[in-house]
Each structure stands twice: as C-alpha cells, then as structure tokens.
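Heads up, the thing below is written out as structure tokens.
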Amino acid sequence: MAERRDKPAPTPKKRGTDLLYSLIAQARQYDDAVILGRGDPDLDTPSHIVAAANAAIEAGYETGSPVAGLDELREAIARRVKRVNNIDVDPETEVVVTNGGQEAIFLIVNTLLSPGDEIIVPVPTYNSYNDAISFAGAVMVDVPTRVDEGFHIDPDRVRAAITDRTKSLLMVSPNNPTASVIAPATVRELVKIAVENRLTIIADDIYDQFLYDGAVHLSPASLSEARECTLTLNSVSKAYAMTGWRAGWVVGPADLMKRLAAVKAGVSGPTSVIAQRGAIAALNGPQDCVREAHEIYERRRQIVLSALGDMGFTCGLPEGGQFAFADISSTGLDSVTLVKHVLDKTHVLIYPGFAFGQEWESFIRVTFLQPEEVLRDALERAKHEVLTLQA
Amino acid sequence: MNGNAIALSPDEIIGSTDVGIGYPSTDVPRSARSAAVDALERKQTHYAGVPGIDPLRQAVADFMSDLGVRVLVEQVIVTGGGQEARFLALQGMIRHYSDTLFARGDRKARYLAVYDIVEESLPVAIPAVVAPGARAALAVRERRVTTMPVDRSTGLLPTIDGIEQALEGGSRLIYLESPSQLTGFTYTLEQVARIADLVEAHDALCVWDQSTAPSVVGEYVSLASVAADRTATVGELWPGLGLESWQIGYVVAPAACVEGLAALKQVLSICTSTPVQWAAVGAHEVFGERHSVLLTKMDSARRDVLEAVVGDERVLVGEAANVLALNLGDGAAVALQRLSDAGFAAVDGTSFGAPGVVRVAVSPDEQVAEAVYSVLRGVTS
C-alpha cells in the first residue's frame, strides 16, 4: 500500500537542452541511476560494424574524405534510402554525409532559412530544431498537436499557419518526443500544401525503422511531387546503436544539396573517415541487427506503456520511435517537479515535457533504451513514487 | 638534401607526394590505432560528453601548457576537426547567438558578461589573407566581416596597425592565425603582447588559430598566454600524426565562454566521435616524440631549399617549418602547373586571398622534397 506523501514544491525551471543536461548530470551522481531519458540505445553496436571499423583503424592513414562524404558511403546511403524509403537519389550529387543526425538538422535549417524566414513546426518537437532555427535567425511557427488526437498533425492547422514569409515545413515521423507517425494520407496532404505554397519540406526519418502496431511510414520525398522540394535526414545512430560514432546523412535535390555541402564545409568539413567506415559496414552489411533491435524495443515498449498506464498516465498513440510521451496531469504536478522528485527519490531519470516547450509541462518522455530487467525495476521504482504522490 | 636529418622510418611516411595539405602525411601511430580498437572493444560507441572525454581534454590542456598557456581541463572542448573548432569559436562568440540560444534561465547573467561585447551588428575582423575555413565559417550565418590588411614584412599576417584599425573601426571579435597557414609566419612575443593590449583596450575577443603551431622552430607565443580571458584558441589534433581524415580538433575557451560554446557544440553535433577521441588520446602518448623527429626533418629539408634560393626575395621564410611560400606573382600559375605536371599538389594562394603566392608543404621524404624543390628552383631561377 502506498504511503501518503506531501506533494513536492514546484521546481525552479531551466528549459530545453539546459534542463535535460542538468538532469543527466544529477543522475550521474547516483551509482544506481537508471536513465530513461536520453535517446542513446543501450544495445551494442553490432560486431560486424565494429570489425569493419577496426579494419579501417588498422589500415591507418587514409586520404581525406570529400566534404560530402566518401563515395562508397554515399552509394550505400543511396541504396538504403531506395530500399527503406523508396527515395531515388544520385549518390554523386544528392547525398551529403554528416556528423550524425544532429548536424544534419543544423545544416538543413541553415541551408534553407535566412533571418526572418518562417518555418512551420508541429509541436512538441525535438529541441535541436528550436536551437538550429534560432541560430539561423528564423522564426519557428508552432502548429500544436494534441494528446487526444494521438499527436497527429492537422493539415488545416498547417495551412492556417502559412504566411508569405513561410519557407519550410518540418515533418518528423516517427515524431520525437510524441512517438506519433504521420499517416500516409496526411503525408500526401501535407506535401500538397507544401507544393502549393512552394515550401521546402524537412523530413526527419531518424526513427523510420521503428514502427509498431502496423503503423506505416511514408517518406515525403518518395512522392514524385515532393522529390524536388524535400530534404530528408537520417543517421545510423538509432538503428545500429551507433550514437557515439557520429554519422548521418541528408538526401535531396542536387541544387539544394550543393548549397548544403557548402554549409557543411563552413561548419565542420568532412565527417571522420572512421565514422564513415562504420556507417558503410552498417548500411551494406546484414540488417538482422535492425530487426532484432526492433523486436527488443517492441517488447520494452509494452513494458513502458503498461507501467505508464498503471500510473494513470495516457500516451496518445505511440506508433514509433524508442520512447513514449505521457500525460501526467493526473498527478497535479508539472513535469519538472515530478521528474525531479522521482529522480531524487528513486534515481530514475525520465525527461520532463517542459524541456520540449512550456505547453508540455504536463507530459514526460520515457525511453525504452534499457534492458528489460532494468526497465521493469526502474519503472516499478518510479511507479511506487508516483502512486505515493497520488495517494 | 641534408643526409644527416633524423629519418622517420619509410613506412611511416605515407602519401608524401601530397604537398597541398600543409602538413606531411605520416601513418597513424600504433598507439592511436590500439586506443581506438580498445575503445570499440570497451563498447565506447555511445554519446560522449558534449565537451569531450576527460583524458583527451587533459591531453589538450597539457599541450597548451607546453606552449606556455595554463588552462583548466574544463576550458577544453573537443571538436570534430579544426573546421568545427573555427566555426564554434567564431560563431559562438557573437551576441545574437548568446541572446537567442544561451541567454536562457540562469545562464543569462554568466554569458552576457562576455557576449555583450560582440554585438551582431559589429563586423568580425579577419585577416585579408587567411585560410579559407575562416571565411567559410562566417558565411554560414552571414556575418558582417571586415578585413585586416596584411604586409609582406609580417609574412602576410595582419599588421599590428591593421589590427588596431579594425578594433578602432568597431570590431569586437577578431580572428588571427599564428602561424599563418599560408606562409608559416608567426607573431613575435612583442607583437603578441601588443595584440593583447589592443584586445583589452578595445574590450574585444580574439579567436586564435594555432593549428600548425607545433611546426614552429624556436619560440612560439600563443595569445592565450597573455590574454587568456579574451582568447578562444583553436587547433587540430595532432598535426603530423596522420589523423587529418579522422577529424579531431579543439577549442580552448575563455572560462566565461566555456558553457556557451559547449551549448553550441551540442547543437552542432552533440559530441565528437567517441572512438576517434580515444584514438587521439593514444596518439598524444607519442605526439611529442614523433613530432620532434618530424619537425627536425622538415626543418632540415626546408633549410636545404632555402640555401638554394638564398637572396630570392620571392621566398617567404616563416617560423613554421611545415610550409614554404613563394610570392611568384604572374609566375604562380606556371609553378602550380609544373608541380601538377610532376605529380605534386601545391596550394594556390588565391584561395587565401593572396593571388600570386604558392604554398608548398615541406615533405620529410627527401626524394619527394628534392623533386618538388627542383621544380621550384626552375621556376624561381
């Protein structure tokens, strides 16, 4: 039986990435900390990828890579986006290798947007979009999604947000942090809106191989009418447990990719050849590891959704990704206060929705990225504390 | 050529016909490869901390100490190569960015003490002759840029008067290379002290690019040794050890700017490649010894060619032994063509803003060096 406990006082608020990093720093002080916040898979990078990287390392000196990436990797990426996303690209002119998905975001935003330009962003969204847009001096125009609508994008809201300064539309599917997947019919509708209004689509396909409950992912660039106005980003980080390697990519029409490569030259130059060799092995090698990871995450997802349900939280319709975004308003607490309290008492870190924007302070994001036993134990600890608060 | 030079073993000199990169290409040391392989075996494949792994940050701090600059490990941010370091330091120290990204919550007070200095509307001053990376970094977010005039007497580095003019003209952020990546010239102790005075007097900040500092023969003075709280020092790790394509670099930030620049690094790429960072830790173990051998070899090779062209005012003789610059005017195109015909790459100074200048990297491979210099003697004679 849960004991009754006075509700914790509201916690002074940091925001965005600041907030998340301060929470991670606190969690790392505990020997028994379990981090269910950061999007860093606990799985090991598959052995055939490590072996390929070891061979590249042992080979020693390698002549520098072009800024756009090694030919072999660009060809592998072109094959991958055809196989998984049904996107046709010319590896020579329509692919740029990046330092992970994070740099891909930064490069795309700073290629497409100038100061004062507006970009339509369904919210909540991944913080790095806010930061990259701020850097570009552009204006982020929020289009809210709602938990009671499964966090699905309403094309009418998008249409209503367009002004003569709108240059771009962001489509993240599966979404981070809500885990919603944009339905194919909605993708087609959004593409139509983008084409009609001459907007460039930013398609974030980072979690495209992690779909559940029969959800279908449709890459906008696979539609012929969107091919010339879409930049699609992805990485090897999440699918192959390679977050620390820093290898990702952008594909899109040659004219935009030429500009993006120039931005890449100014930001960082070529991506490390070691990371590129690892990415080549990942994309060209056996894909069983991705299927196995999917099965593992699917099991863990059930554990997370079950625990969140036990806590009285609702999650919209989490159809993809590696996390769930849950409404905690039943606790009567804001997300930072709840997360801090749970971290203080149980050493379990989950991410507060407030980090994704003030309007999401009654939500939390919980990742699946811990072994099942650890996940069960951590969620049990968190659940006990939450139920105690609710008693 | 000087047969008494200390030789690297032949299998350590790789791709030595490529004289265009500014540093000779040598093989990656065993310690670096082993460290990287070991890191992968230890499953160091996840995100590292944003500013880098502590052993590498410590190695950079030690390297700075060797240059006479005392820094805390916390001031070091590891980057994905020298260009990311340039971008991070240049773009991260401008007011606009601090306001929009860094000036949140409790960070605001700490940042604005520094970032108020560099208003976005004020021009960033860069040398009129500079490695293309600086211009490219500023072009990403179209900053106002002003150029500082250079002079032959300072080896195409900005003159002290030119730096002062830029600061008098309103610049509060200046970018300087020492050594010049085109000519290998460096600022003297007296000049560095004067630059520090100017930066202080004008309440300004400086990004100091010392990517090829290890190749300086004799004393090298880093601006951070006299203006630590106003200097972001950038460079590459570790020149001459064959890690160019592995992409690893650093920023040593003023203490007040560290958190802000780390925040920008997070936005750029979250962290630098983890296994590559471990490789750089391993490389550092042998950097001093191996680079010393390399430097002796480069210096020797360069002296030989200088003897051959003694008195030729077209040859710019800087303090850094890794490059040799020739101010050939209209003859530059011929020199570049002859080098190309002979299978060597040299750098056209036009990309640095110095048409007519040709940069040749000094090769430690005696046969290659002799072949290159033979071509050049033909052009300069």
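Computation of the quantities below employed the complete heavy-atom set of this structure, encompassing side-chain atoms and omitting hydrogens, waters and symmetry-equivalent molecules. Since the structure is predicted, the reported quantities are computational estimates derived from the model, not experimental observations. Letters A, B, ... are given to chains in the order of the sequence lines, protein chains preceding strands, and every chain is numbered from 1.
- Taking the six-membered ring for Trp, His284(B) and Trp238(B) have ring centres closer than 6.0 Å.
- A 4.5 Å side-chain heavy-atom check between Trp249(A) and Asn234(A) finds at least one atom pair inside the cut-off.
- Among Glu103(A), Arg38(A), Gln276(A), the residue making the largest number of heavy-atom pairs under 4.5 Å with chain B is Arg38(A).
- Chain A forms the most heavy-atom pairs under 4.5 Å with one residue out of Gly133(B), Ala137(B), Ala134(B), Gly49(B), and that residue is Ala137(B).
- Close approach to chain A, defined as a heavy atom under 4.5 Å from one of its heavy atoms, is seen in Gly80(B), Gln83(B), Glu84(B), Phe87(B) of residues 80-87 of chain B, taken by number.
- Proximity to chain B (any heavy atom under 4.5 Å) is restricted, for Pro115(A), to the side chain, taken from C-beta onward.
- The parts of Val37(B) that come within reach of chain A are both its backbone and its side chain, each placing non-hydrogen atoms under 4.5 angstrom from that chain.
- Note on Lys340(A) versus Asp334(A): no salt bridge recorded, every NZ/NE/NH1/NH2 to OD/OE distance being 4.0 Å or above.
- The contact between Asp40(A) and chain B is made by backbone and side chain atoms together, counting heavy-atom distances below 4.5 Å.
- Of the possible donor and acceptor atoms, one in the side chain of Thr45(A) sits under 3.5 Å from a partner among the backbone N and O of Ala241(A).
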Salt bridge (Lys or Arg N to Asp or Glu O under 4.0 Å) between Glu72(A) and Arg277(A): does it pass, once the steps are laid out?
CA-CA 9 Å; Glu72(A) 193 178 351; Arg277(A) 292 290 169 201; 3.0 Å; yes
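- Put simply, the side chain of Thr272(B) does not reach to within 4.5 Å of the side chain of Ile53(B), judged on heavy atoms.
- Contact of Thr79(B) with chain A is not made at all, since no heavy-atom distance falls under 4.5 Å.
- Under the 4.5 Å side-chain criterion, counting only non-hydrogen atoms from C-beta, Cys271(B) is in contact with Arg246(A).
- Both the backbone and the side chain of Ala36(B) come within less than 4.5 Å of a heavy atom in chain A.
- Between the side chain of Ser211(B) and the backbone N or O of Gly235(B), no donor-acceptor pair lies under 3.5 Å.
- In this structure, a donor-acceptor pair under 3.5 Å is present between the side chains of Gln102(A) and Tyr126(A).
- Contacts between Tyr240(A) and chain B at a heavy-atom distance below 4.5 Å are absent for every atom of the residue.
- A donor-acceptor pair is defined here as one N or O able to donate and one able to accept, closer than 3.5 Å; no such pair exists between the side chain of Lys238(A) and the backbone of Gln322(A).
- Contacts with chain B were tallied for Val50(A), Asp44(A), Asn110(A); Asp44(A) has the most, counting heavy-atom pairs under 4.5 Å.
- Against chain B, the residues from residues 262-271 of chain A that qualify, each with a non-hydrogen atom under 4.5 angstrom away, are Val263(A), Ala265(A), Gly266(A), Val267(A), Ser268(A), Gly269(A), Pro270(A), Thr271(A) in number order.
- Nearest heavy atoms, Ala232(B) versus Val251(B): CB-CG1, 4.4 Å.
- At least one cation-pi condition fails for Arg365(A) and Tyr351(A): the charged atom is not both under 6.0 angstrom from the six-membered ring centre and inside a 45 degree cone around its axis.
- Between chain B and the residues Ile274(A), Asp42(A), Asn99(A), the largest count of heavy-atom pairs under 4.5 Å involves Ile274(A).
- Within the 4.5 Å cutoff, the side chain of Ser65(A) has no heavy atoms near those of the Ser245(B) side chain.
- Two rings, from Tyr207(A) and Phe323(A), have their centers less than 6.0 Å apart.
- Neither the backbone nor the side chain of Leu113(A) comes within less than 4.5 Å of any heavy atom in chain B.
- A donor atom on one side chain and an acceptor atom on the other are not found under 3.5 Å apart for Trp245(A) and Thr274(B).
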